[in-house]
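See below for the structure under consideration.
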Amino acid sequence: MIPYGHQSIDEDDIQAVIDVLRSDWLTTGPKVEEFEKSVAQFVGSAFGIAVNSGTAALHCAMNAIGITRGDEVIIPAITFAATANSVLYEGGTPVFADLNPDTLLIDTEDVERKITPRTKAVIAVDFAGQSCDYDHLKDICNHHNLHLVSDACHSLGGRYKNRNVGSLADLTVFSFHPVKSITTGEGGMITTDNPAFAQKMYSFRNHGIDTPFIKRNRRCTWEYEINDLGCNYRLGDIQCALGISQLRKLPGFVNRRQNIARKYDTIFDEIPTAKPLLRGEDISHAYHLYVIQLDLDKLGVSRSDVFLNLHSRGVGVNVHYIPVYRHPLYKERLDVRDVCCPVADNAYERILSLPIFPELKEDDFNYCIATLIDVLTDE
Ligand SMILES: *Cc1c(COP(=O)(O)O)cnc(C)c1O
């Protein structure tokens with residue numbers, strides 16, 4: 001089966017991990033700070049806070065901006081559930097906004113419609129690797145005094161109007177899960193220019209402790225204080241060494257994903273039964289996913305039929321994502337305003353994610369294309 005996503009690990013990555021295993025620091029040592037500085041510098045932000053997953057990064061962000069019971073946070077209807085769960089962790093209420101039907105990015109008009117006196121923040125998700133319209137979202141958030149958080153778990157290495165993803169919102173969240181742009185096995189990071197947020201998150205990821213062990217060690221003291229409740233969300237030196245090594249290859253990875261996407265684009269110019277998501281102008285797309293929307297009327301079959309047909313032939317397509325509010329956990333918490341996201345509901349019936357990752361072999365890719373053409377066109 002050709003998967004929809006896969007990590008790329010080379011000998012440099014392996015050696016970087018081995019070197020840490022032979023060193024004194026396995027967890028919060030020098031590699032953590034080096035990785036944080038490297039990512040922050042790469043994206044052009046002042047601070048990077050490494051944590052042990054993208055989900056932990058979202059939780060840190062919600063804690064840093066002070067989300068609490070009664071607060072509402074607007075998020076897109078289609079995203080990975082972790083985006084919404086992070087709001088629940090801090091007692092807040094996720095409010096679902098509908099999507100642009102062509103890009104499946106959050107609909108900025110619906111965001112404005114869903115703002116209430118309780119709204120505290122918007123989490124924009126760079127679905128599939130394409131940046132949201134951050135200039136427009138910033139205007140909306142500034143006007144209503146809201147925090148803007150970017151869930152950029154799909155878009156590390158992408159750009160918006162010649163600015164890097166990671167420097168476009170008050171806080172940006174990344175994941176280093178194996179299918180994402182770069183991997184640390186499991187891992188995540190928040191980037192921000194705000195020193196108060198950064199300090200809060202360094203502490204929150206480490207039980208609420210105000211100074212980490214490595215700094216106490218340098219200052220020759222055992223003393224620390226816990227002022228607020230935190231978690232153990234630390235990412236270790238083993239993973240950060242892998243992350244540093246991976247980050248060097250990020251531009252090449254993104255380039256390879258963009259080349260694959262360009263070839264898919266030309267194929268779908270000729271296939272009337274499916275169309276890829278629309279790419280905006282002034283965007284360098286990171287292509288975590290290559291998503292198509294099926295024309296089910298023209299096809300005369302369901303998405304499930306297409307999915308199973310492709311799987312039976314070894315093409316491991318996937319579906320990203322079930323609208324979050326359809327999960328029983330969320331159905332039980334639904335607010336009347338959340339019931340209606342018609343674009344998301346309609347899109348969910350017809351989306352498919354095709355194989356795309358840097359090491360997708362030429363032969364496998366050609367096989368994917370031939371199989372897609374066969375399955376999606378009548379003969
Ligand atoms: C992957 C992902 C996350 C969560 O990241 P983990 O590292 O798996 O915890 C959150 N949001 C989106 C949009 C993601 O794709």
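Atoms within a ligand are numbered from 1 in the order they appear, just like the ligands themselves. Only this structure's heavy atoms are used, side chains among them; waters, hydrogens and symmetry mates stay out.
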Salt-bridge test for D269 and K275: reply yes if a basic N is under 4.0 Å from a carboxylate O, no otherwise. no
Taking the six-membered ring for Trp, are F127 and H154 parallel (under 30°), tilted (30 to 60°) or perpendicular (over 60°)? tilted
Quick check on contacts: which atoms of ligand 1 are under 4.0 angstrom from a heavy atom of T79? 13 (C)
Under 6.0 Å from the CG atom of N145, do we count more than 12 heavy atoms belonging to anything else shown? no
For R303 and Y348, what are the C-alpha separation, side-chain angles and deciding distance, and is it a side chain to side chain contact (heavy atoms under 4.5 Å, CB included)? CA-CA 10 Å; R303 186 261 312 275; Y348 171 58; 3.8 Å; yes
heavy-atom search around atom 11 (N) of ligand 1 in the protein gives D151 OD2, 2.9 Å
Quick one: sort the Y321 and F80 rings into parallel, tilted or perpendicular, breaks at 30° and 60°. tilted
Purely on distance, is any nitrogen or oxygen of F80 under 3.5 Å from one on ligand 1? no
The atoms of ligand 1 lying under 4.0 Å from a heavy atom of S53, numbered in the order shown, are 7 (O), 9 (O)
So is Y321 in contact with ligand 1, going by heavy-atom distances below 4.0 Å? yes
Could you pull out the closest heavy-atom pair between L99 and A77, with the gap in Å? CD2-N, 4.0 Å
Quick check: K180 and ligand 1, any N/O pair under 3.5 Å apart? yes
Y224, OH atom: more than 12 neighbouring heavy atoms under 6.0 Å: no
Among all protein heavy atoms in this structure, tell me which lies nearest to atom 8 (O) of ligand 1, with the distance rounded to 0.1 Å. S175 OG, 4.0 Å
protein heavy-atom neighbour closest to atom 15 (O) of ligand 1 works out as H154 NE2, 2.7 Å
May I ask you to decide if the ring planes of F268 and Y264 are parallel, tilted or perpendicular, using 30° and 60° as cut-offs? tilted
Contact with ligand 1 for G187, non-hydrogen, under 4.0 angstrom: yes
Distance to 0.1 Å, residue and atom name: give those for the protein heavy atom nearest to atom 10 (C) of ligand 1. C153 SG, 3.6 Å
Proximal ligand 1 atoms for T55, defined as those under 4.0 Å from one of its heavy atoms: 4 (C), 5 (O), 6 (P), 9 (O)
